[in-house]
Colleague: 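Structure provided below as structure tokens; questions to follow.
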Amino acid sequence: MTESKELLNEFGYIIDKIQSADFSHDPFDFILIDNFLSKEHFDEFTSAKEIKRPVPLNTENLIDDLMDNGYKIQRFPGCSTSVEEYLKALNSKNANVDKELLEGFGMAFRLTDFQTPILQRLTEFLNSNQFKVALEKKFNITESNYVDTGIQKYLQGYEISPHPDIRKKAATYMLNINTDKESENIAIHTYLCKFKPEREYIYDFWENHEEMDRCWVPWEWCDISLKTNANNSIILFSPSNTSLHAVKLDYDHLKFQRTQVYGNLWYDETTIKYSPSYKEIATKNIDIEAIKKKSKESSMRKIIARIPGSVKRIFKD
């Protein structure tokens, strides 16, 4: 491991940029910093062999290439962990997903085997206690547990409908490090959203029920306010009841892959007891008791499912 003092000397300017950045407030509180990495660091980053890969023959070749060069399939929302299922969905355009929330079906890969030193050094710094403390200070966060940062690539079809993030997430940040100069004009970026007027009651529901987790919602419930498309720009925010954001990739991943430094700061504990779906909050007359009942029944089914068959037969007999 690189010494933390050396990392701070090299990347300390990142913390300075975050601490001096002003908040934007529409559609929610966030920080957007352009030219986040120094030109020297950004050029090193985007020219690294793990980031800038040769053009593959096809998607199968691309996936093999990534996995042969330090990447592993990353379990991630809006993505499959099965290469076979992904290729089938990509070719048939008929993924097995909730069509009211998603139209796509992607794959995510995280770099775990570093060959270019700067990639490892920056990742270590963004996972350091110094960076964790900087986030806590900027967003006035207490009782956070740990920070988790990685370099990730996302293939065509990756999509997450508008969502504010679950309550266990204390902060999130996404740095665009794409290698193609046309990337800013391609549909691969994060959208910041807000509810349409007829859906604003959901803000109040989430605000008044901290025991209820927040969920994904259909695209048509929201309006898009901003697209974070600048290369070498980072967006940071502390998830709240208003922090709706979404992504939908529609691009040729053979030419280049949407690449980010992606990370989260996590709380140790939350007060979450229930996780209603968007269908359960689809009208103003939200049935709180029905949500609680369904949650308890679901928990009981999970408990029963974990009981060995031999024990179940005893009770049945």
Side-chain angles (χ1 to χ4, degrees), residues 7-43 45-46 122-123 125-152 160 162-178 183-185 188-196 200 203 206-207 214 222-247 258-267:
L7 292 174
L8 188 60
N9 287 337
E10 183 175 16
F11 298 111
Y13 72 89
I14 286 175
I15 290 179
D16 294 338
K17 285 188 175 185
I18 292 173
Q19 296 300 345
S20 63
D22 293 327
F23 279 91
S24 297
H25 305 286
D26 184 20
F28 55 84
D29 293 347
F30 68 94
I31 297 169
L32 184 61
I33 305 174
D34 291 327
N35 300 312
F36 185 63
L37 296 180
S38 68
K39 185 179 186 307
E40 177 186 358
H41 282 159
F42 184 72
D43 289 346
F45 218 101
T46 52
L122 179 61
T123 303
F125 178 72
L126 295 178
N127 283 313
S128 70
N129 189 62
Q130 293 102 319
F131 187 69
K132 174 178 177 289
V133 170
L135 290 176
E136 291 171 333
K137 182 178 178 181
K138 186 64 177 181
F139 292 102
N140 194 27
I141 294 168
T142 59
E143 300 180 358
S144 67
N145 188 357
Y146 66 97
V147 64
D148 175 39
T149 308
I151 298 170
Q152 299 191 172
I160 305 180
H163 62 291
D165 277 335
I166 57 176
R167 295 185 188 272
K168 192 172 176 62
K169 192 179 291 187
T172 191
Y173 41 96
M174 295 165 278
L175 169 64
N176 293 332
I177 48 171
N178 296 302
S183 66
E184 296 183 357
N185 302 316
I188 58 172
H189 302 290
T190 301
Y191 300 104
L192 306 189
C193 310
K194 60 184 176 182
F195 278 126
K196 293 179 178 179
E200 289 180 349
Y203 291 138
W206 285 333
E207 181 71 27
R214 300 180 289 246
C222 303
D223 291 320
I224 294 172
S225 297
L226 180 68
K227 179 171 63 173
T228 60
N229 63 318
N231 214 7
N232 196 21
S233 70
I234 189 171
I235 183 169
L236 309 96
F237 58 90
S238 180
S240 68
N241 298 314
T242 59
S243 58
L244 289 165
H245 56 291
V247 63
R258 185 229 202 195
T259 309
Q260 288 186 333
V261 175
Y262 172 82
N264 298 294
L265 180 64
W266 295 94
Y267 287 118

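Heavy atoms only: backbone and side chains are in, while hydrogens, waters and symmetry mates are out.
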Colleague: Would you please name every residue forming a salt bridge (charged side-chain N to carboxylate O under 4.0 Å, His left out) with Lys17, sequence neighbours left out?
Modeller: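 Counting only residues at least two positions away or on another chain, Lys17 forms no salt bridge (charged side-chain N to carboxylate O under 4.0 Å, His left out).
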Colleague: Determine, step by step, whether Ile14 and Ile234 satisfy the side-chain contact (heavy atoms from CB on, under 4.5 Å) criterion, reporting the C-alpha distance in whole Å, the side-chain angles of both residues, the deciding distance to 0.1 Å, and the verdict.
Modeller: CA-CA 11 Å; Ile14 286 175; Ile234 189 171; over 6 Å; no
Colleague: What residues form a side-chain contact (heavy atoms from CB on, under 4.5 Å) with Asn185, not counting sequence neighbours?
Modeller: Glu182
Colleague: Please, which pairs that meet side-chain hydrogen bond (donor to acceptor under 3.5 Å, both in side chains) have at least one residue in residues 24-36, sequence neighbours excluded?
Modeller: His25-Asp29
Colleague: Quick one: pull up CG in Asn232 and OG1 in Thr46 and give me the separation to the nearest 0.5 Å.
Modeller: 8.5 Å
Colleague: Over all heavy atoms of both residues, which pair between Thr149 and Thr123 is shortest? Give the atoms and the distance, please.
Modeller: O-CG2, 3.8 Å
Colleague: When you look at CG of Asn140, are more than 12 heavy atoms from neighbouring residues, nucleotides or ligands closer to it than 6.0 Å?
Modeller: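 No, the 6.0 Å shell around CG holds no more than 12 heavy atoms from other groups.
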Colleague: Identify, with sequence neighbours excluded, every residue that meets side-chain contact (heavy atoms from CB on, under 4.5 Å) alongside Glu143.
Modeller: none
Colleague: May I have all residue pairs that pass salt bridge (charged side-chain N to carboxylate O under 4.0 Å, His left out) and include part of residues 163-174, sequence neighbours excluded?
Modeller: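 Residue pairs with at least one partner in residues 163-174: Asp165-Lys169.
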Colleague: Considering only heavy atoms from C-beta outward, does the side chain of Asn176 approach that of Gln260 to under 4.5 Å?
Modeller: yes
Colleague: Got His41 and Phe36 here, is their nearest side-chain heavy-atom distance under 4.5 Å?
Modeller: no
Colleague: Tell me if a side-chain donor or acceptor on Tyr262 pairs with a main-chain N or O of Gln152 at a distance below 3.5 Å.
Modeller: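 No, Tyr262 side chain to Gln152 backbone: no donor-acceptor pair under 3.5 Å.
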Colleague: Taking only residues two or more places apart in sequence or in another chain, which ones pass side-chain hydrogen bond (donor to acceptor under 3.5 Å, both in side chains) with Glu207?
Modeller: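 Per chain and number, Glu207 pairs via side-chain hydrogen bond (donor to acceptor under 3.5 Å, both in side chains) with Asn241.
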Colleague: Output all residues satisfying ring-ring contact (aromatic ring centres under 6.0 Å, His included) with Tyr173, sequence neighbours left out; order by chain, then residue number.
Modeller: Phe131
Colleague: Between the side chain of Asp148 and the main-chain N/O of Gly263, is any donor-acceptor distance below 3.5 Å?
Modeller: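 No.
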Colleague: Excluding sequence neighbours, so at least two apart, what forms side-chain hydrogen bond (donor to acceptor under 3.5 Å, both in side chains) with Glu184?
Modeller: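 Partners of Glu184 by the side-chain hydrogen bond (donor to acceptor under 3.5 Å, both in side chains) criterion come out as none, since no residue qualifies.
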Colleague: Just how far is it from atom CG of Leu135 to atom CD of Gln19, taken to the nearest 0.5 Å?
Modeller: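 Reported value, rounded in 0.5 Å steps: 8.5 Å.
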Colleague: List the atom of Ala134, the atom of Ile15, and the distance in Å for their closest heavy-atom pair.
Modeller: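 In terms of heavy atoms, the two residues are closest at CB-CG2, 3.8 Å.
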Colleague: Between His189 and Ala230 (side chain of the first, backbone of the second, donor and acceptor by atom type, cut-off under 3.5 Å), is there such a pair?
Modeller: no
Colleague: Does Tyr146 reach the side chain of Asn127, with side-chain heavy atoms less than 4.5 Å apart?
Modeller: no
Colleague: Any chance you could lay out the side-chain contact (heavy atoms from CB on, under 4.5 Å) test for Ile235 and Leu175, step after step, and finish with the verdict?
Modeller: CA-CA 7 Å; Ile235 183 169; Leu175 169 64; over 6 Å; no
Colleague: What are the two closest heavy atoms between Cys193 and Pro27, and how far apart are they?
Modeller: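 Closest pair (atom of Cys193, atom of Pro27, distance): O-CG, 3.5 Å.
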Colleague: Are any of the side-chain heavy atoms of Ser243 and Arg214 separated by less than 4.5 Å?
Modeller: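 A side-chain contact is absent here, since even the closest heavy-atom pair is not under 4.5 Å.
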Colleague: List in chain and number order the residues that pass side-chain contact (heavy atoms from CB on, under 4.5 Å) with Ser238, two or more places apart in sequence or in another chain; answer none if no residue qualifies.
Modeller: Phe139, Ile141
Colleague: What verdict does the side-chain contact (heavy atoms from CB on, under 4.5 Å) test give for Ile166 and Tyr267, after you've listed the backbone C-alpha separation in whole Å, the side-chain angles of each residue and the deciding distance to 0.1 Å?
Modeller: CA-CA 11 Å; Ile166 57 176; Tyr267 287 118; over 6 Å; no
Colleague: Check the pair Leu8, Phe125 against side-chain contact (heavy atoms from CB on, under 4.5 Å), reporting the backbone distance first and the verdict last.
Modeller: CA-CA 7 Å; Leu8 188 60; Phe125 178 72; 3.9 Å; yes
Colleague: When rounded to the nearest 0.5 angstrom, what is the spacing between CD1 in Ile151 and OG1 in Thr259?
Modeller: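 Answer rounded to 0.5 Å: 9.0 Å.
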Colleague: Does atom NZ of Lys196 have more than 12 heavy-atom neighbours, drawn from other residues, nucleotides or ligands, at distances under 6.0 Å?
Modeller: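 Atom NZ in Lys196 is packed in, count exceeds 12.
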Colleague: Taking side-chain hydrogen bond (donor to acceptor under 3.5 Å, both in side chains) as the test, write out the residues that go with Thr190, two or more places apart.
Modeller: Arg258
Colleague: To the nearest 0.5 angstrom, please state how far the CD1 atom of Ile224 sits from the NZ atom of Lys194.
Modeller: 12.0 Å
Colleague: Looking only at heavy atoms, which two atoms of Leu126 and Val261 are closest? And how far apart?
Modeller: CD1-CG1, 3.5 Å
Colleague: Does the side chain of Lys138 reach to within under 4.5 Å of the side chain of Ile31, using non-hydrogen atoms?
Modeller: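 Side-chain contact under 4.5 Å: yes.
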Colleague: Could you list the residues that satisfy salt bridge (charged side-chain N to carboxylate O under 4.0 Å, His left out) with Asp223, not counting sequence neighbours?
Modeller: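 Checked Asp223 against salt bridge (charged side-chain N to carboxylate O under 4.0 Å, His left out); zero matches.
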Colleague: Looking at residues at least two apart in the chain, or sitting in another chain, which of them share a side-chain hydrogen bond (donor to acceptor under 3.5 Å, both in side chains) with Ser240?
Modeller: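 Here the qualifying residues are Thr242.
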Colleague: From Tyr191 OH over to Leu226 CG, what is the distance, rounded to the nearest 0.5 angstrom?
Modeller: 11.0 Å
Colleague: Less than 4.5 Å apart, side chain to side chain, heavy atoms only: is that true for Phe237 and His245?
Modeller: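 Side chain of Phe237 against side chain of His245, heavy atoms only: contact under 4.5 Å found.
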Colleague: What's the shortest heavy-atom distance between Cys222 and Phe195, and which atoms?
Modeller: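 Nearest heavy atoms, Cys222 then Phe195: SG-CD2, 3.9 Å.
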Colleague: How about Lys132: does its NZ atom have over 12 heavy atoms from other parts shown lying under 6.0 Å from it?
Modeller: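 For Lys132, atom NZ is crowded (more than 12 foreign heavy atoms under 6.0 Å).
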Colleague: Grab the two heavy atoms, one from Leu37 and one from Leu122, that are nearest each other, plus how far apart they are.
Modeller: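 Minimum heavy-atom contact is CD2-CD2, 4.1 Å.
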